[in-house]
2 protein chains.
Amino acid sequence: MTAAHDMLFRTLADPTRRAIFERLCRQGEQTVGALTAEAGVSQPAVSKHLGLLKEAGLVRDRHEGRQTHYSAQLGALAPLMDWTREMAGFWESRFDDLEDLLKRMDQ
Amino acid sequence: MTAAHDMLFRTLADPTRRAIFERLCRQGEQTVGALTAEAGVSQPAVSKHLGLLKEAGLVRDRHEGRQTHYSAQLGALAPLMDWTREMAGFWESRFDDLEDLLKRMDQ
DNA sequence: TCAATCAATAGCCAACGGGTTATTGATTGG
DNA sequence: CCAATCAATAACCCGTTGGCTATTGATTGA
């Protein structure tokens, strides 16, 4: 439960890694070479990041000859959206409670 | 721009720290002592986490006598929601492009 | 006033994470 | 078939981070 959030937050916390993911979101499927050209770090570093993104379910890979194509898996962001909404929800419900209280005090 | 996302993701990536924030969301304002009782780590550790959460704008503190009360600042989650939505948006727009392409090919 | 309580800070340490270069494995083109 | 290209893995380094204990500062209650 919280372990999934862990992986998501931790995976997206690194700027280099998040930039790779963003690029895949914006521009669709990319090869490791193409990603490396823009990443500002070495190819092994990019591969490592892609490995972690894949473990987190944020990307898919597709092998074609000697190159590997990666693409974003947007569905993996759902738990993150849910979590954020949940936190906001708690806040609102506490606010509603306060409103109720004030209303009752008003009478 | 991305620096704000950095701070948010990085701050929420640690499970102990995120648990503290979740607790503040669920149950509202809490003292450091109350948070420490549940956190499973020492009071200094909790204080350090609260310091980082505060730096990230995720919590506010209020001093009352010798105790400090912390509360969640939900507004700080907005960039996170926006980012997630943006990523999802890129995905959809690429999907729309594909649909358009297929439609045009169909004619 | 003095002891006790609460939270923050200091100082330290071990583990982890992200980077590098070097290498391997697999695939392709000449 | 051999050289070159692409991506993954190995081995290592170093900075960061999260934890701890000890201490300090401030506030309270007796």
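First the proteins, then the strands, lettered A, B, ... as listed; each starts at 1.
Separating the CZ atom of B/Phe9 from the C1' atom of D/dT16 is a distance of 20 Å, rounded to the nearest angstrom. Look at CG on A/Asp61: it is 11 Å from C1' on D/dA8, rounded to the nearest Å. Spacing between atom NE2 of A/His63 and atom P of C/dG25 amounts to 17 Å, rounded to whole angstrom units. Rounding to whole angstrom units, CD of residue A/Glu64 and P of C/dT28 are separated by 9 Å. Taking atom CG of A/Leu52 as the reference point, atom P of D/dA8 lies 12 Å away to the nearest angstrom. Atom CG in A/Asp6 sits roughly 12 Å away from atom P in D/dG18 (whole-Å rounding). One interatomic measurement links the two molecules: CZ of A/Arg62 to P of D/dA7, which rounds to 12 Å at whole-angstrom precision. For A/Arg17 and C/dG19, the CZ to C1' distance is 12 Å, given to the nearest whole Å.
For B/Lys48, whose side chain is taken as the heavy atoms from C-beta onward, the closest listed nucleotide among D/dC6, C/dA4, D/dG19 is D/dG19. The side chain of B/Gln43 sits closest to C/dA8 out of D/dA7, C/dA8, C/dC6. Between C/dA8, C/dG18, D/dC20, one nucleotide has an atom nearer to the side chain of B/Val41 than all others, and that is D/dC20. With C/dT21, C/dG19, C/dA10 as the choices, the nucleotide that has an atom nearest any side-chain atom of A/Pro44 turns out to be C/dT21. Of all nucleotides listed (C/dC6, C/dG18, D/dA7), C/dC6 comes nearest to the side chain of B/Gln67.
Between B/Arg66 and B/Leu50, the residue whose closest nucleotide on DNA chain C is further toward the 5' end is B/Arg66.
Annotation: side chain of B/His69 is in contact with side chain of B/Gln67 (closest heavy-atom distance under 4.5 Å).
Nearest heavy atom pair, residue B/Val32 against residue B/Ser47, reads CG1-OG, 4.0 Å. Taking each heavy atom of A/Val41 and A/Thr36 in turn, the nearest pair found is O-CG2, 3.8 Å. Nearest heavy atoms, A/Met7 versus A/Glu55: SD-O, 4.0 Å.
Across all strands, A/Ala45 comes closer than 4.0 Å to base atoms (heavy-atom distances). In this structure, A/Thr16 reaches the sugar-phosphate backbone alone: every heavy-atom distance under 4.0 Å involves primed, P, OP1 or OP2 atoms, never a base. When heavy atoms are screened at a 4.0 angstrom cut-off, A/Thr68 is found touching the sugar-phosphate backbone but no base atom. No contact: A/Thr36 has no heavy atom under 4.0 Å from any strand.
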(Q) Could you walk me through whether B/Leu8 and B/Thr11 satisfy the side chain to side chain contact (heavy atoms under 4.5 Å, CB included) test, starting with their C-alpha distance in whole Å, then the side-chain angles of each, then the deciding distance to 0.1 Å, before giving a yes or no? (A) CA-CA 5 Å; B/Leu8 272 181; B/Thr11 302; 5.9 Å; no

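Taking side-chain N and O atoms only, A/His49 has a distance below 4.0 Å to OP1 or OP2 of C/dG19. For the OP1/OP2 pair of D/dT17 and a distance below 4.0 Å, the side-chain nitrogens and oxygens of B/Arg10 include at least one atom meeting the criterion. In this model, the phosphate group of D/dA8 is approached by a side-chain N or O of A/Tyr70 to a distance below 4.0 Å at OP1 or OP2. Considering only side-chain N and O atoms, A/Ser42 lies nowhere under 4.0 angstrom from the phosphate OP1 or OP2 of C/dG19.
Annotation: the span from A/Leu35 atom CG to A/Gln30 atom CD amounts to 5.5 Å, rounded to 0.5 Å.
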